[in-house]
Amino acid sequence: MSIWDWLLNPAGLTPHGFCLSWAPGLVWLHAASDAITGLAYFSVPLALASFARQRRDLQYGWVIYLFVAFILACGATHLMSILTLWLPVYGVEGIIKLITAVASIATAILLWPMIPKLVALPSPAKLESLNAELKATIAEQQHTATLLKESESRARASNLSLERRVDDQTAELRNANTHLTEALEQRTAALEQRDVLLREVYHRVKNNLQIIDALLAVQAGHFHDTDSASALLDLRQRVYALGLVHQQLMDSKDLKTFDIAPFLQELADNIIETSVFPEVKVSVHAISLTVGLDFAIPLGLLVTELLTNSLRHAFPTGAGNIAVVLARNEEQKLALTVSDDGRGQAPNKISSAVPKAGCGMKIISGLVAQLRGTITVRNEGGMRTEICVAEPALA
């Protein structure tokens with residue numbers, strides 16, 4: 001006898017219906033009962049599997065799939081009971097029952113050790129208590145954010161006042177430049193005088209930004225919570241980046257452009273020096289690139305925000321490495337990359353997806369949009385942020 005005959009048509013055996021004397025009432029009673037039971041057995045695991053797929057956050061969710069396998073096997077035995085009413089395929093039925101037995105034993109063996117762990121899961125009352133604590137923390141953070149907004153409003157007011165003073169001084173310088181130009185007989189002398197005045201404008205703008213920095217430092221002394229003090233430090237670093245751009249322009253030959261590489265190095269060095277993480281090492285590798293004011297300011301602010309984020313979130317031990325790279329990619333676009341070897345962040349809370357955007361992330365998004373670029377954030381043994389923009393066109 002071949003294995004197929006043994007499984008599907010063993011010699012000398014008759015269908016189960018023969019034992020029931022082929023009584024139509026009994027045969028169809030057994031067939032209907034097994035069919036309904038089998039369909040129910042197949043429906044229950046489908047519902048369990050659907051529940052498990054929708055609740056991927058459940059702990060020990062794999063236990064549900066054990067029950068799915070066990071119940072499906074039970075349902076298969078009932079369907080085989082229908083088939084054996086007419087066909088003596090008792091070998092196949094026996095194999096399915098053996099599979100059912102193995103699945104049931106495995107489920108029973110794995111279920112008992114899981115009971116203490118399942119009992120230890122937080123109760124709804126415990127979850128409600130944790131939720132209440134979370135709400136209290138959120139309320140406290142919102143209060144801190146309100147204080148920070150008030151501080152920023154006062155800083156903006158001071159900035160507007162200083163800007164008006166700069167505008168007035170710039171207007172006076174322009175008037176002086178006009179009178180000097182009319183008095184000079186040669187164009188060369190007039191251009192030289194214009195350069196002197198323009199350098200003075202940059203110098204005064206830088207000085208006014210230093211005044212803003214001093215005011216922010218004084219304001220920071222009145223805050224006792226770390227969040228507000230940290231926010232003001234971030235604002236001071238942004239002001240420093242603006243002042244450094246004007247310093248570079250003031251020292252340049254044409255007063256319109258300068259090399260971005262030494263600017264990024266000096267900017268990164270200042271951020272590290274003013275931070276509370278002296279053990280963090282920053283390396284800057286930037287191509288030599290001539291840029292103007294409209295490109296240098298948003299790029300400098302982007303580097304400031306990204307370095308600040310890495311210092312604040314990546315190094316709980318206070319030590320690590322950050323790399324700042326500015327290069328051309330295969331598409332001949334400029335690629336600014338800021339990466340660290342810190343602890344990174346939990347998966348998909350930026351990328352397009354990122355935790356809830358804070359002030360820093362809003363600034364970064366706005367600056368990238370201003371440069372008409374794209375941003376990519378990856379968590380590869382640390383955070384890696386790459387911003388691609390078109391190379392600036394100089395007039």
*Asks:* Nearest 0.5 angstrom please: E133 CD to K135 NZ, how far?
*Replies:* 12.5 Å
*Asks:* Would the distance check show the side chain of N159 and the main-chain N or O of A155 forming a donor-acceptor pair, the cut-off being under 3.5 Å?
*Replies:* no
*Asks:* Is there a donor-acceptor pair under 3.5 Å between the side chain of S365 and the backbone N or O of K362?
*Replies:* no
*Asks:* Check the hydrophobic clustering (I, L, V, M, F, W, Y; side-chain heavy atoms under 4.5 Å; chains of links allowed) and say if V377 and V325 are grouped together.
*Replies:* no
*Asks:* Looking at side-chain heavy atoms only, is the closest gap between D269 and V284 below 4.5 Å?
*Replies:* no
*Asks:* So, for I96 and A76, which heavy atoms are closest and what is the spacing to 0.1 Å?
*Replies:* CG2-CB, 3.8 Å
*Asks:* Between N270 and E266, does a side-chain hydrogen bond (donor to acceptor under 3.5 Å, both in side chains) hold up when you go through it step by step?
*Replies:* CA-CA 6 Å; N270 177 76; E266 186 173 350; over 6 Å; no
*Asks:* Look at atom CD of E140 and say whether more than 12 heavy atoms of other residues, nucleotides or ligands are closer to it than 6.0 Å.
*Replies:* no
*Asks:* When you measure from the side chain of S104 to the backbone N and O of A101, does any donor-acceptor pair fall under 3.5 Å?
*Replies:* yes
*Asks:* Checking V389 against F295 for the side-chain contact (heavy atoms from CB on, under 4.5 Å) test, could you report, in this order, the C-alpha distance in whole Å, the side-chain angles of both residues, the deciding distance, and whether it holds?
*Replies:* CA-CA 10 Å; V389 299; F295 185 84; 4.0 Å; yes
*Asks:* Taking it one step at a time, do I322 and V280 satisfy side-chain contact (heavy atoms from CB on, under 4.5 Å)?
*Replies:* CA-CA 7 Å; I322 304 176; V280 175; 3.8 Å; yes
*Asks:* What distance separates S33 OG from I82 CD1, expressed to the nearest 0.5 Å?
*Replies:* 9.0 Å
*Asks:* Between N309 and E305, does any side-chain donor sit less than 3.5 Å from a side-chain acceptor?
*Replies:* no
*Asks:* For L307, run the side-chain contact (heavy atoms from CB on, under 4.5 Å) check against V324, L302, D340 and tell me which one passes.
*Replies:* V324
*Asks:* Could you check I271 against T304 for side-chain contact (heavy atoms from CB on, under 4.5 Å), going step by step and ending with a plain yes or no?
*Replies:* CA-CA 7 Å; I271 292 174; T304 299; 4.0 Å; yes
*Asks:* Identify the two heavy atoms, one from N329 and one from C388, that lie closest to each other, and give their separation to 0.1 Å.
*Replies:* ND2-SG, 3.7 Å
*Asks:* Indicate whether any N or O donor in one side chain lies under 3.5 Å from an N or O acceptor in the other, for T257 and D254.
*Replies:* yes
*Asks:* Would you call L306 and I387 a side-chain contact if the rule is heavy atoms closer than 4.5 Å?
*Replies:* yes
*Asks:* Minimum heavy-atom separation for D341 and N321, please, with both atom names.
*Replies:* OD1-N, 2.9 Å
*Asks:* One pair to check against side-chain contact (heavy atoms from CB on, under 4.5 Å): L293 and F258. What are the steps and the verdict?
*Replies:* CA-CA 9 Å; L293 182 70; F258 61 90; over 6 Å; no
*Asks:* Any donor-acceptor pair under 3.5 Å linking the side chain of D259 with the backbone of L289?
*Replies:* yes
*Asks:* Kindly compute the distance separating OG1 (T144) from NZ (K149), expressed to the nearest 0.5 Å.
*Replies:* 12.0 Å
*Asks:* Provide the closest heavy-atom pair for V338 versus S310 in the form atom of the first, atom of the second, distance.
*Replies:* CG1-OG, 4.5 Å
*Asks:* Would you give the length of the straight line joining atom CE of M361 to atom CD1 of I364, rounded to the nearest 0.5 angstrom?
*Replies:* 5.0 Å
*Asks:* Would a distance-only check, ignoring hydrogens and angles, find a side-chain to backbone donor-acceptor pair under 3.5 Å from S158 to R154?
*Replies:* yes
*Asks:* Quick one: list whatever passes side chain to side chain contact (heavy atoms under 4.5 Å, CB included) with L26, sequence neighbours left out.
*Replies:* L20, A23
*Asks:* Does the S151 side chain pair with the main chain of L147, one donor and one acceptor, at a distance under 3.5 Å?
*Replies:* no
*Asks:* With sequence neighbours excluded, what pairs up with Q332 under the side chain to side chain contact (heavy atoms under 4.5 Å, CB included) test?
*Replies:* R328
*Asks:* Any chance you could lay out the side-chain hydrogen bond (donor to acceptor under 3.5 Å, both in side chains) test for D34 and T37, step after step, and finish with the verdict?
*Replies:* CA-CA 5 Å; D34 283 322; T37 305; 5.4 Å; no
*Asks:* Closest approach of L299 and L371, non-hydrogen atoms and distance?
*Replies:* N-CD1, 4.4 Å
*Asks:* So, using side chain to side chain contact (heavy atoms under 4.5 Å, CB included) as the criterion, who are the partners of L72 when residues are at least two apart?
*Replies:* F42, P45, V68
*Asks:* Rounded to the nearest 0.5 Å, what separates atom OG1 in T137 from atom CD in Q142?
*Replies:* 11.0 Å
*Asks:* Using atom types as modelled and distance alone, determine if a side-chain donor or acceptor of T337 lies under 3.5 Å from a backbone N or O of E386.
*Replies:* no
*Asks:* If I take atom OG1 from residue T290 and atom NZ from residue K256, how far apart are they, to the nearest 0.5 angstrom?
*Replies:* 12.0 Å
*Asks:* Can you find a heavy atom in the side chain of L336 that is under 4.5 Å from one in the side chain of V303?
*Replies:* yes
*Asks:* Which heavy atom in V282 sits nearest to a heavy atom in A268, and how many Å separate them?
*Replies:* CG1-CB, 3.9 Å
